[in-house]
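In this text, all values refer to a predicted model and were calculated from it rather than measured experimentally. All values below were derived from every heavy atom in this structure, side-chain atoms included, with hydrogens, water molecules and symmetry-related copies excluded. The chains referred to below are lettered A, B, ... by the order of the sequence lines, with proteins before strands, and numbering in each begins at 1.
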Amino acid sequence: AQRVTQPEKLLSVFKGAPVELKCNYSYSGSPELFWYVQYSRQRLQLLLRHISRESIKGFTADLNKGETSFHLKKPFAQEEDSAMYYCALTNTGGFKTIFGAGTRLFVKA
Amino acid sequence: NAGVTQTPKFRVLKTGQSMTLLCAQDMNHEYMYWYRQDPGMGLRLIHYSVGEGTTAKGEVPDGYNVSRLKKQNFLLGLESAAPSQTSVYFCASTTQGGNQPQHFGDGTRLSIL
């Protein structure tokens, strides 16, 4: 069965510290993986996707097929990074997306 | 540049009442989705549509119905609201293809008393 697991409900770090939000997935095919972010009082929006191999707002994520993981990382957290982060997987054919339960990141001053 | 628009933004219902949530997108997207967001459970797919006139069940479809009579609109109906349906509802749309991101609306906060 398709599943996306984000083991941490809440992650609290100090400003300037590295941050890693974990995401593991279960999928038999070749997944398309995404990270979405929801800032306070804003709509859910795309942060990055694995196919683009890009860095957005200092965040990167590498797809590790061996470990079936897609962890989100940033070397130096900023207060404005405080938000809810969702890892998501889209199935082959692209018409259905499974979201993880989300991790709330709190960056302390 | 509206993107995905959801109406209403807030609503309080009594158990047993019915209502319809409207989602409209102006991006000519083929695929549209309804999710519910509950604490600790992330976003769960209720129903989705891959084109005008077609709908399909998602992960948690019971108690909901949908219609996609026009490509730009996707309606979510609650025929007989129950307290368990208290949630925040999000609509999303995307173009065809698995590597395309979904575009979300602002959400509808629905409380069932």
**Asked** Looking only at heavy atoms, what is the nearest atom pair of R43(A) and V4(B), with distance?
**Response** NH1-O, 3.3 Å
**Request:** Answer yes if V50(B) and L76(B) sit in the same cluster of Ile, Leu, Val, Met, Phe, Trp and Tyr residues linked by side chain heavy atoms under 4.5 Å apart, and no otherwise.
**Result:** no
**Prompt:** Quick check: are there more than 12 heavy atoms from other residues, nucleotides or ligands sitting under 6.0 Å from OH of Y39(A)?
**Reply:** yes
**Asked** Same hydrophobic cluster for M19(B) and F74(B), using side-chain heavy-atom links shorter than 4.5 Å among ILVMFWY?
**Response** yes
**Request:** Report yes if some heavy atom in the side chain of H103(B) is under 4.5 Å from a heavy atom in the side chain of Q45(A); otherwise report no.
**Result:** no
**Asked** Using non-hydrogen atoms only, which part of L45(B) is less than 4.5 Å away from chain A: side chain, backbone, both, or neither?
**Response** side chain
**Message:** When you group the ILVMFWY residues by side-chain heavy-atom contacts below 4.5 Å and let the links chain together, are I46(B) and V66(B) in the same group?
**Reply:** yes
**Toward chain B, the part of Q38(A) with a non-hydrogen atom under 4.5 Å** = side chain
**Message:** Using every non-hydrogen atom in the two residues, find where L43(B) and F99(A) come nearest and quote the distance to one decimal.
**Reply:** O-CB, 3.7 Å
**Asked** If you count heavy-atom pairs under 4.5 Å with chain B, which of I98(A), V4(A), L44(A) comes out on top?
**Response** L44(A)
**Prompt:** Between atom OH of Y35(B) and atom OG1 of T97(A), what is the distance when rounded to the nearest 0.5 Å?
**Reply:** 4.5 Å
**Gap between atom NZ of K96(A) and atom OH of Y48(B) - 0.5 Å precision** = 4.5 Å
**Request:** Hey, could you give me the OH/CD distance between Y86(A) and Q37(B), rounded to the nearest 0.5 Å?
**Result:** 3.5 Å
